[in-house]
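Read through the structure below, which is laid out as structure tokens, and then see the notes.
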Amino acid sequence: MTVSNIFRRLILTIFAVFILYPVSSLEARKIKTRHTIAKVAGNDSEKLQKGRCRVTLTADSVDFDMIIRPAVRFYGFDKTIGSSFESFFITNGLDSTIEGMEISITYFDMKGRQLHRRTTRIDCKAAAGETIRTDIKSWDIQKSFYFHRSAKPKRQATPFDVKIDLISINLSD
């Protein structure tokens, strides 16, 4: 090897280092991080939001089973055969305003067998002591089921019953 070949290789190596260094340093800066956020329940979940106190309570709280569940009532469920929506009333028996909730709806045939179960989030605003009506998209996309207390359809369809459970609730004052 001649001196000029060694010099050429040295120049190419230095050039390659300067070209590839920024690429490798950019790749080295890409860091994936996963953060686990612990579930917050009960009075520990108070947060200040736009100057108001906001509390989120979940089903794993003692207060939730003893105070919240009995005070929030669901009734008047309705879903006819041709409807794409289900509607029901929510009564707020609490001293705080409900700003949203997560519920579980279980659908049963008339023999008590489970047909379907889903969890849905409802964004609503119900002041203390107020009753509101809410509409949610129906699980019955083929429109072949109807709530057994709704109007009886003229065509053949399957009646069903529901059970609504409160999973979590957002309250504010």
Side-chain angles (χ1 to χ4, degrees), residues 34-173:
R34 291 186 184 242
H35 299 282
T36 16
I37 300 170
K39 261 191 178 179
V40 181
N43 294 332
D44 298 335
S45 66
E46 290 188 14
K47 298 174 187 170
L48 226 55
Q49 185 180 30
K50 296 181 184 173
R52 296 185 326 205
C53 182
R54 186 169 184 209
V55 179
T56 301
L57 294 173
T58 58
D60 56 358
S61 165
V62 175
D63 291 340
F64 192 84
D65 282 332
M66 299 186 74
I67 298 168
I68 305 296
R69 268 203 179 121
V72 178
R73 193 172 145 225
F74 303 97
Y75 65 95
F77 189 91
D78 185 40
K79 195 276 184 198
T80 58
I81 187 78
S83 179
S84 298
F85 290 90
E86 301 166 7
S87 64
F88 53 93
F89 294 98
I90 303 168
T91 298
N92 179 3
L94 300 167
D95 293 335
S96 302
T97 300
I98 296 174
E99 293 205 351
M101 63 180 66
E102 187 175 16
I103 61 171
S104 169
I105 306 174
T106 308
Y107 302 86
F108 300 97
D109 68 7
M110 298 317 293
K111 292 184 179 179
R113 296 176 296 210
Q114 182 177 329
L115 296 170
H116 183 66
R117 182 175 183 269
R118 70 175 174 156
T119 301
T120 188
R121 176 103 186 107
I122 299 173
D123 293 320
C124 60
K125 190 158 189 124
E130 187 177 64
T131 298
I132 60 167
R133 184 185 125 182
T134 188
D135 297 313
I136 58 172
K137 193 141 176 71
S138 179
W139 67 284
D140 178 25
I141 58 174
Q142 294 179 334
K143 299 180 181 175
S144 57
F145 292 89
Y146 71 97
F147 182 61
H148 71 102
R149 291 186 185 151
S150 296
K152 196 155 184 127
K154 293 180 182 177
R155 64 183 172 117
Q156 178 152 0
T158 306
F160 69 89
D161 199 3
V162 294
K163 179 184 176 199
I164 302 175
D165 286 320
L166 186 61
I167 295 174
S168 68
I169 191 166
N170 295 334
L171 303 172
S172 70
D173 288 331

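Basis for what follows: all heavy atoms, side chains included, without hydrogens, waters or symmetry-related copies.
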Minimum-distance pair of heavy atoms, taken over all atoms of [X] and [Y]:
X      : Y      : answer
Ser83  : Ser138 : O-CB, 4.4 Å
Ser172 : Ser96  : O-CB, 3.6 Å
Ile67  : Pro70  : O-CD, 3.5 Å
Leu166 : Arg69  : O-NH2, 2.9 Å
Ala127 : Asn92  : O-ND2, 3.2 Å
Ile103 : Phe88  : CD1-CZ, 3.7 Å

Quick one: does [X]'s side chain get under 4.5 Å of [Y]'s, heavy atoms only?
X      : Y      : value
Thr131 : Tyr75  : yes
Ile98  : Ile132 : no
Arg149 : Phe77  : no

Kindly confirm or rule out a cation-pi arrangement of Lys137 over Phe85, judged by NZ or CZ under 6.0 Å from the six-membered ring centre and within 45° of its axis?
yes
Would you compute the distance between atom [atom1] of [X] and atom [atom2] of [Y] and round it to the nearest 0.5 angstrom?
X      : Y      : atom1 : atom2 : value
Thr97  : Glu130 : OG1   : CD    : 8.0 Å
Ile105 : Ile136 : CD1   : CD1   : 3.5 Å
Ile90  : Arg73  : CD1   : CZ    : 12.5 Å
Glu99  : Ile122 : CD    : CD1   : 14.5 Å

Check His116, Gln114, Arg113, Arg118 against Tyr107 for a side-chain hydrogen bond (donor to acceptor under 3.5 Å, both in side chains) and give me the one that passes.
Arg118
Could you verify whether a donor N or O on one side chain and an acceptor N or O on the other, from Ser84 and Lys143, lie under 3.5 Å apart?
yes
Answer yes or no: is there a donor N or O on one side and an acceptor on the other, between the side chain of Arg121 and the main chain of Met101, under 3.5 Å?
yes
Tell me if a side-chain donor or acceptor on Lys79 pairs with a main-chain N or O of Phe145 at a distance below 3.5 Å.
yes
Taking side-chain hydrogen bond (donor to acceptor under 3.5 Å, both in side chains) as the cut-off, I'd like each qualifying pair that reaches into residues 155-168, sequence neighbours left out, listed once.
His148-Asp161
Are there more than 12 heavy atoms of other residues, nucleotides or ligands under 6.0 Å from atom CZ of Arg117?
no
Stepwise side chain to side chain contact (heavy atoms under 4.5 Å, CB included) test for Phe89 and Phe74:
CA-CA 6 Å; Phe89 294 98; Phe74 303 97; over 6 Å; no
Step by step, would you call Phe147 with Glu86 a side chain to side chain contact (heavy atoms under 4.5 Å, CB included)?
CA-CA 9 Å; Phe147 182 61; Glu86 301 166 7; over 6 Å; no
